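Quantities reported herein were computed from a predicted structural model and do not represent experimental measurements.
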Amino acid sequence: MAFWLEMKTAYWAALPVQYLRRTGAYGRENAALMAEMKKRITEKRLWQEDTTLWAVPWDNPQTTPPHLCRYDVCTQGLWDLPTQTLPGGTYLVFTLPHTTEALAQAWAGCFDAATAQGYAIDFGRPIMERYIKKEVDRHRCDLCLPIITEKP
């Protein structure tokens with residue numbers, strides 16, 4: 001049984017964002033960072049229907065020591081935070097139920113699912129979780145897997 005509700009490809013240009021970062025083993029502390037970002041954007045009245053939050057684990061915990069793994073939560077419109085540009089390109093987007101269990105299944109199965117669909121993963125760009133408020137309100141989120149546009 002598939003872990004996703006919907007799967008599609010999407011292209012977007014490089015995206016300038018503002019971000020909060022934590023460094024350390026991926027886990028519960030990432031949720032705390034997301035909560036901090038939601039608090040900030042809510043206080044500034046930016047948490048609206050089309051607001052998007054991006055969760056970006058920059059490092060592979062299989063090859064990077066856990067204490068050096070970087071995790072960013074990004075958005076637009078909070079100019080009092082550091083800025084960076086998220087890489088654009090083509091992504092395989094898995095729409096999922098917005099639950100911890102569904103995200104864990106997606107992370108565990110996204111590589112095999114992409115390969116089974118004939119896509120090559122672009123490991124030069126990060127995998128990103130995308131949270132669009134109107135979709136979060138429907139209990140949905142996305143796991144965005146960077147792919148090479150040409151199928152092998």
Side-chain angles (χ1 to χ4, degrees), residues 1-15 17-41 47 49-76 81-82 84-152:
M1 183 172 182
F3 61 81
W4 62 88
L5 301 170
E6 180 182 344
M7 177 178 54
K8 64 184 175 195
T9 60
Y11 173 87
W12 54 80
L15 183 67
V17 294
Q18 296 77 51
Y19 67 98
L20 294 173
R21 173 172 288 170
R22 70 171 295 276
T23 303
Y26 298 144
R28 288 188 198 149
E29 293 82 7
N30 294 354
L33 192 66
M34 179 66 75
E36 174 62 23
M37 181 64 87
K38 285 182 181 176
K39 177 181 168 236
R40 288 178 184 225
I41 63 176
W47 192 226
E49 187 173 280
D50 290 330
T51 302
T52 301
L53 297 177
W54 299 88
V56 186
W58 288 101
D59 302 295
N60 180 343
Q62 294 177 343
T63 58
T64 301
H67 69 282
L68 297 177
C69 289
R70 297 164 297 152
Y71 181 83
D72 293 349
V73 176
C74 310
T75 193
Q76 294 180 304
L81 294 176
Q84 67 179 324
T85 301
L86 297 179
T90 302
Y91 289 80
L92 186 57
V93 179
F94 297 101
T95 300
L96 319 166
H98 184 211
T99 66
T100 302
E101 296 79 20
L103 275 165
Q105 284 183 328
W107 275 100
C110 66
F111 302 106
D112 288 342
T115 302
Q117 295 295 318
Y119 293 103
I121 300 162
D122 180 356
F123 289 105
R125 294 181 285 148
I127 299 167
M128 299 185 280
E129 297 171 9
R130 179 173 65 178
Y131 302 91
I132 303 169
K133 181 169 186 319
K134 65 184 171 190
E135 293 300 314
V136 170
D137 289 346
R138 295 176 57 210
H139 309 287
R140 296 162 57 115
C141 62
D142 297 320
L143 183 66
C144 305
L145 187 66
I147 57 173
I148 298 169
T149 53
E150 309 265 329
K151 287 188 179 184

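A heavy-atom distance below 4.5 Å is not found between the side chains of Arg21 and Val73. Residues Leu145 and Ile121 have side chains in contact (heavy-atom distance under 4.5 Å, counting atoms from C-beta outward). Between Leu92 and Met7 the shortest side-chain heavy-atom distance falls below 4.5 Å. Residues Cys74 and Leu86 have side chains in contact (heavy-atom distance under 4.5 Å, counting atoms from C-beta outward). Here the side chains of Leu96 and Leu5 are not in contact, with every heavy-atom distance at 4.5 Å or above. Side-chain contact check for Pro57 versus Cys69: every heavy-atom pair is 4.5 Å or farther apart. The shortest side-chain heavy-atom distance between Tyr71 and Glu29 does not fall under the 4.5 Å cut-off. With a 4.5 Å cut-off on side-chain heavy atoms, Leu20 and Arg40 count as touching.
Contact between Glu49 and Ile132 at its shortest, heavy atoms only, is O-CG2, 4.0 Å. For the residue pair Trp47 and Ile41, the shortest heavy atom distance occurs at CE3-CD1, 3.1 Å. Smallest separation of non-hydrogen atoms from Pro97 and Cys141: O-SG, 4.1 Å.
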Step-by-step side chain to side chain contact (heavy atoms under 4.5 Å, CB included) determination, Tyr119 to Thr9: CA-CA 10 Å; Tyr119 293 103; Thr9 60; 3.4 Å; yes
Could you go through Asn60 and Phe123, starting from their C-alpha distance and side-chain angles, then the distance that decides it, and tell me whether this counts as side chain to side chain contact (heavy atoms under 4.5 Å, CB included)? CA-CA 10 Å; Asn60 180 343; Phe123 289 105; over 6 Å; no
Check step by step if side chain to side chain contact (heavy atoms under 4.5 Å, CB included) holds for Thr85 and Val17. CA-CA 6 Å; Thr85 301; Val17 294; over 6 Å; no
Derivation and outcome, side chain to side chain contact (heavy atoms under 4.5 Å, CB included), residues His67 and Thr23: CA-CA 7 Å; His67 69 282; Thr23 303; over 6 Å; no
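Under the 4.0 Å criterion applied to side-chain N and carboxylate O atoms, Lys134 and Asp50 are assigned as salt-bridge partners. Arg125 has a carboxylate O that lies under 4.0 Å from a charged side-chain N of Asp122, or vice versa, which qualifies the two as a salt bridge.
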Enumerate, atom names and distances included, each donor-acceptor pair closer than 3.5 Å involving a side-chain atom of residues 100-115, sequence neighbours excluded.
from	atom 1	to	atom 2	distance (Å)
Trp107	NE1	Glu129	OE2	2.8
Thr115	OG1	Phe111	O	3.0

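Of the possible polar contacts, none joining the Tyr91 side chain to the Met128 backbone as a donor-acceptor pair under 3.5 Å is found.
If you take CG on Asn30 and CG on Asp72, they are separated by 10.0 Å, rounding to the nearest 0.5 Å. Atoms CD and CD1, from Gln117 and Ile147 in turn, are 10.5 Å apart once rounded to the nearest 0.5 Å. One distance of note links OH of Tyr131 with CE of Met37; it measures 13.0 Å at 0.5 Å rounding. The distance from atom CZ of Arg70 to atom CZ of Arg22, rounded to the nearest 0.5 Å, is 13.0 Å.
Residue Glu135 is tested with Lys133, Arg138, His139 for a side chain to side chain donor-acceptor pair (under 3.5 Å); the sole match is Arg138. The side chain to side chain contact (heavy atoms under 4.5 Å, CB included) with Arg130 is formed by just one residue from the set Val56, Thr95, Val93; it is Val93.
Aromatic pair Tyr19/Trp54: ring centres not closer than 6.0 Å.
Ring geometry for Phe94 against Phe3 counts as tilted: the plane angle lies between 30° and 60°, on a 0 to 90° scale.
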